[in-house]
Amino acid sequence: MSSPAPAFASSPALSITYPHRIPKSRFTYKHLAQLISYSPTTPLRVIAHVDLDAFYAQCETVRLGIDPSKPLAVQQWQGLIAINYPARAYGLSRHVTSTEALKLCPDLILQHVATWKEGDESWGYSADAFKEIATRKVSLDRYRQESRKILKCIRDALPSEPGMQRVEKASIDEVFIDLSAQVHGRLLERYPELRGPPPYDDPAEYLPKVPTTVLDWKADALVETGREDGEDADPDWDDVVMVLASEIVRDVRKVVYDTLGYTCSGGIARNKMLAKLGSGYKKPNQQTVIRNRAVGHFLGEMKFTKIRMLGGKLGDEVVAMFGTDKVRELLAQPLEQLKRLGDDTGTWLYSTIRGEDHSEVNPRTQIKSMLSAKSFRPAINSFEQGVRWLRIFVADIFSRCVEEGVLENKRRPRTINLHHRQGGQIRSRQSPIPQGKPLSEAILFDLAKNLLAQVVVDGRAWPCANLSLSVGGFEDAITNNKGIGGFLVRGEEAKAMMSSGRLVMSGGEPPAKRRRTKGNIKSFFAPPSDKKRDFDAARKVLMASRESTREEEEDEVEGSDADEFGAPPLEEPKERPTTPVPEKDFYISNTPPSAQPQMTNPEPMVVQKKRSPEPPELQQKTDTFFCVKCSMRLPSSEKTEHEDYHFALDLSKEMRAEERTAPKMMHAAKNTPVVPKPSKGRGRPPGGGRGVDKGQAKLAFGRQT
Ligand code: CTP
Ligand code: CA
Ligand code: CA
């Protein structure tokens, strides 16, 4: 254990003479040394968060060479997705439309985000883009390119020696930097008394006291301590560490500005959670230091929904459960109460609101997946239209793959996913990307088309409100000749290829049986002729390629060009508390797993994926109805269709019962089944179906899709 600490390592005798008067640090030589290895538990740890100010807006002022003091906003269709600070002074926010914005600030420069137009080889800027929501989709490529330049610039401003740099790209416009090792170097340079070895060679020895009582914080915003005596306590080494880190961040920000012309804000604190809150505390173009002595006061005043990971559903759930969004009030809740959110989530929350976060700065910068998406207003209604959008998505994704080094065979994705939204239902299809030959736009396009064809053939694909395509499972490609093995599918890929392509049902019938009866039901809603053409087009694509799909797997998304009108894409938090919410559950419609019926219905209801269980009150708010026949809660928008489904189902049962007791009804002459007439509308005959021509109904059900 430690012995009484000397004032300075060079004069240990002092400690013997005046032990009670020896000023000591609270930190040990071990704590100091732990900085070199980025230990997340050393109390001297220091992390920075750097976030670009009004990023997309700055990208546009820089690109166009516009004076940054002029108000500018980035427009997406009729909405605004980024507003620079001069424009914010007019009260503009992401919630106003472009028309309202011009009323509030007539001098506002409105720049529409770049878009892809169908048929174009690449994205570009167009003055008319805002009028063409139906035929264009947003491209964030320009902002990604700038993001990469900025990241490189930040790296170049940091030491390049091995182990001295740890940077994590947290989103398109922000990074975390673990400055521990670099600050350790500066500490030893400036304070030779720290160089050790520790007295008695004991790392548990306390460090000498900081040789000053005043630190120069320059122009940094210092978060107050909230205590009268808070500033009186002499600085300790954690404060010095913060000063040095703050110097580094100031330099980094200056290099970014001088090289590329972008301003950004910084936060400096002992962990990622606090550093991120710091960078957003004073904006633009400022940096904020949250010293350890100020943490309690800083967090206490805050809404916990501002904390990383608590901004979304989890935060809503906590608010709903405890009736407050204030950290101070939540601090009063004992751990046991917080564990009502689940053991891990509760424990995570308990330490988070106390300013603890040991998560590491993760230097991984490699992309795991890419997504391209489009919301349709109005909805699209045919396979052909869908395919036209897929062409754009593929061009978008492939150009990003090229930047990732796909052509040089450096890295390549292993899977391709399609999400299709119709009403409140999301269908997902996934397929492996063949690994044996070079990846091309044509290969991706064929795979994508195939996935859409599967959705269409499964039925009820239109009207479609949203389509998204993603590639994932990026891995480093093996560049040497893999021989025949390189062309064989392995593990997950093989499983995927063998699976039936249907989403997994809980407790249902065996897939073969389900499929057969599903076909029956499907034919009952026989498509009108244009729908039939659509269906045939999709089926043709499927016939041409017999790829299968499998259940979608969640992956981390690099960034998305999803362009929800008026609701721009949110950067998802890249990291989450240990186990906050189940991520991979597939629910049937809006029914939580506990309420899922044992599915015996031949036609599987579409499986909808949900990110996290909704708090009970949110569930009530969803517009749903309860189907007594299958004990399921479903979106109201599907009521009619669902009733039709039961009608068809009942009918099918009736007919099968009849089939068992009567000989098959055939045209005696040809010995072929009667061709059914396409049913009108949704196929519900007058009089609730009791008056259906039996032969017709029976044979309609007999046809396989
Ligand atoms: N963004 C978006 N949709 C959101 C949130 C962010 O499109 N719901 C985009 C913004 O256009 C923004 C960029 O992502 O430029 C970074 O977002 P963020 O850092 O949250 O905002 P900034 O616009 O950079 O503004 P700030 O200065 O407050 O950081
Ligand atoms: Ca920002
Ligand atoms: Ca940001």
Side-chain angles (χ1 to χ4, degrees), residues 48-63 68 71-89 91-98 101 109-115 137-148 150-151 154 167-177 221 249 253 256-257 260-267 272-273 275-288 305-309 311-313 315 371-375 557-575:
H49 182 259
V50 174
D51 183 286
L52 275 289
D53 301 319
F55 181 50
Y56 296 176
Q58 277 204 87
C59 286
E60 297 301 345
T61 44
V62 167
R63 180 178 71 89
L72 177 143
V74 180
Q75 184 178 353
Q76 178 175 311
W77 318 130
Q78 311 301 327
L80 304 184
I81 54 169
I83 297 128
N84 74 0
Y85 281 82
R88 289 186 203 188
L92 304 192
S93 74
R94 282 198 190 117
H95 305 292
V96 303
T97 64
S98 50
I109 302 167
L110 277 173
Q111 173 58 52
H112 199 280
V113 63
T115 51
K137 83 166 238 76
V138 164
S139 168
L140 300 180
D141 264 10
R142 166 79 196 179
Y143 308 147
R144 279 195 209 96
Q145 285 165 1
E146 294 303 286
S147 172
R148 273 194 290 273
I150 294 165
L151 184 64
I154 291 175
V167 181
E168 172 182 331
K169 181 177 188 241
S171 85
I172 195 166
D173 81 329
E174 60 200 79
V175 292
F176 286 105
I177 314 171
V249 172
R253 290 176 45 235
V256 171
Y257 182 75
L260 300 167
Y262 290 100
T263 67
C264 50
S265 301
K272 288 167 85 172
M273 184 256 302
K276 166 122 178 140
L277 289 171
S279 72
Y281 190 66
K282 289 257 160 75
K283 266 185 164 271
N285 203 15
Q286 292 186 69
Q287 62 187 55
T288 300
T305 45
K306 287 198 171 169
I307 295 177
R308 226 155 54 98
M309 258 94 75
K313 279 195 176 165
L371 180 134
S372 192
K374 169 84 185 168
S375 286
V557 175
E558 169 234 7
S560 78
D561 282 2
D563 59 9
E564 294 280 337
F565 169 65
L570 254 179
E571 291 280 354
E572 282 278 341
K574 291 283 152 35
E575 203 178 319

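Whatever order the structure lists ligands and atoms in, that order sets their numbers, starting from 1. All values derive from a computational prediction rather than experimental measurement.
- Between Gln76 and ligand 1 there is no heavy-atom distance shorter than 4.0 Å.
- When atom types are taken as modelled, the side chain of Asn285 and the backbone of Thr263 share no donor-acceptor pair closer than 3.5 angstrom.
- The main-chain N or O of Ala57 is never found under 3.5 Å from a side-chain atom of Asn84 such that the two would form a donor-acceptor pair.
- The aromatic rings of His112 and Trp77 sit tilted relative to each other, their planes meeting at an angle between 30° and 60°.
- Nearest residue to atom 17 (O) of ligand 1 from Gln58, Glu60, Arg94 is Arg94 (criterion: closest heavy atom).
- Backbone and side-chain nitrogen or oxygen atoms of Glu174 are examined, and none is located within less than 3.5 angstrom of a nitrogen or oxygen of ligand 1.
- Atoms of ligand 1 found under 4.0 Å from any heavy atom of Tyr85, numbered from 1 in the order shown, are 26 (P), 27 (O), 28 (O).
- With respect to Asp173, the side chain to side chain contact (heavy atoms under 4.5 Å, CB included) criterion is satisfied by exactly one of Phe55, Tyr143, Tyr262, Tyr56: Phe55.
- Of all the atoms in ligand 1, the ones that sit under 4.0 Å from a non-hydrogen atom of Phe55 are 15 (O), 22 (P), 23 (O), 24 (O).
- Side chain of Thr97 to backbone of Gln78: no donor-acceptor contact under 3.5 angstrom is found.
- The OD2 atom of Asp173 and the OD1 atom of Asp51 subtend an angle of 110° at the Ca ion (ligand 2), given to the nearest 10 degrees.
- Any N or O atom pair closer than 3.5 Å counts here, and Ile172 shares no such pair with ligand 1.
- For a distance bound of 3.0 Å, the N, O or S atoms of Phe55 include none lying that close to the Ca ion (ligand 2).
- The closest approach between a heavy atom of Arg88 and any atom of ligand 1 is below 4.0 Å.
- Judged purely by atom type and a 3.5 angstrom limit, Gln76 has no side-chain atom pairing as donor or acceptor with the backbone of Val113.
- A salt bridge links Lys276 with Glu174: the distance from a Lys NZ or Arg NE/NH1/NH2 to an Asp or Glu carboxylate oxygen falls below 4.0 Å.
- The atom of Glu174 nearest to the Ca ion (ligand 3) is OE1, with the search restricted to N, O or S atoms.
- Side-chain N or O atoms of Arg94 include none that pairs as donor or acceptor with a backbone N or O of Leu80 at under 3.5 Å.
- Numbered from 1 in the order shown, with element, the atoms of ligand 1 that lie under 4.0 Å from a heavy atom of Ala54 read 22 (P), 23 (O), 24 (O), 25 (O), 26 (P), 27 (O).
- Taking every heavy atom of Ile81 and a limit of under 4.0 angstrom, the matching atoms of ligand 1 come to 10 (C), 11 (O).
- Gly266 and Arg253 make their closest contact through N-CD, 4.2 Å (heavy atoms, listed as atom of the first residue, atom of the second, distance).
- Annotation for ligand 1: atoms under 4.0 Å from non-hydrogen atoms of Leu52 are 24 (O), 27 (O), 29 (O).
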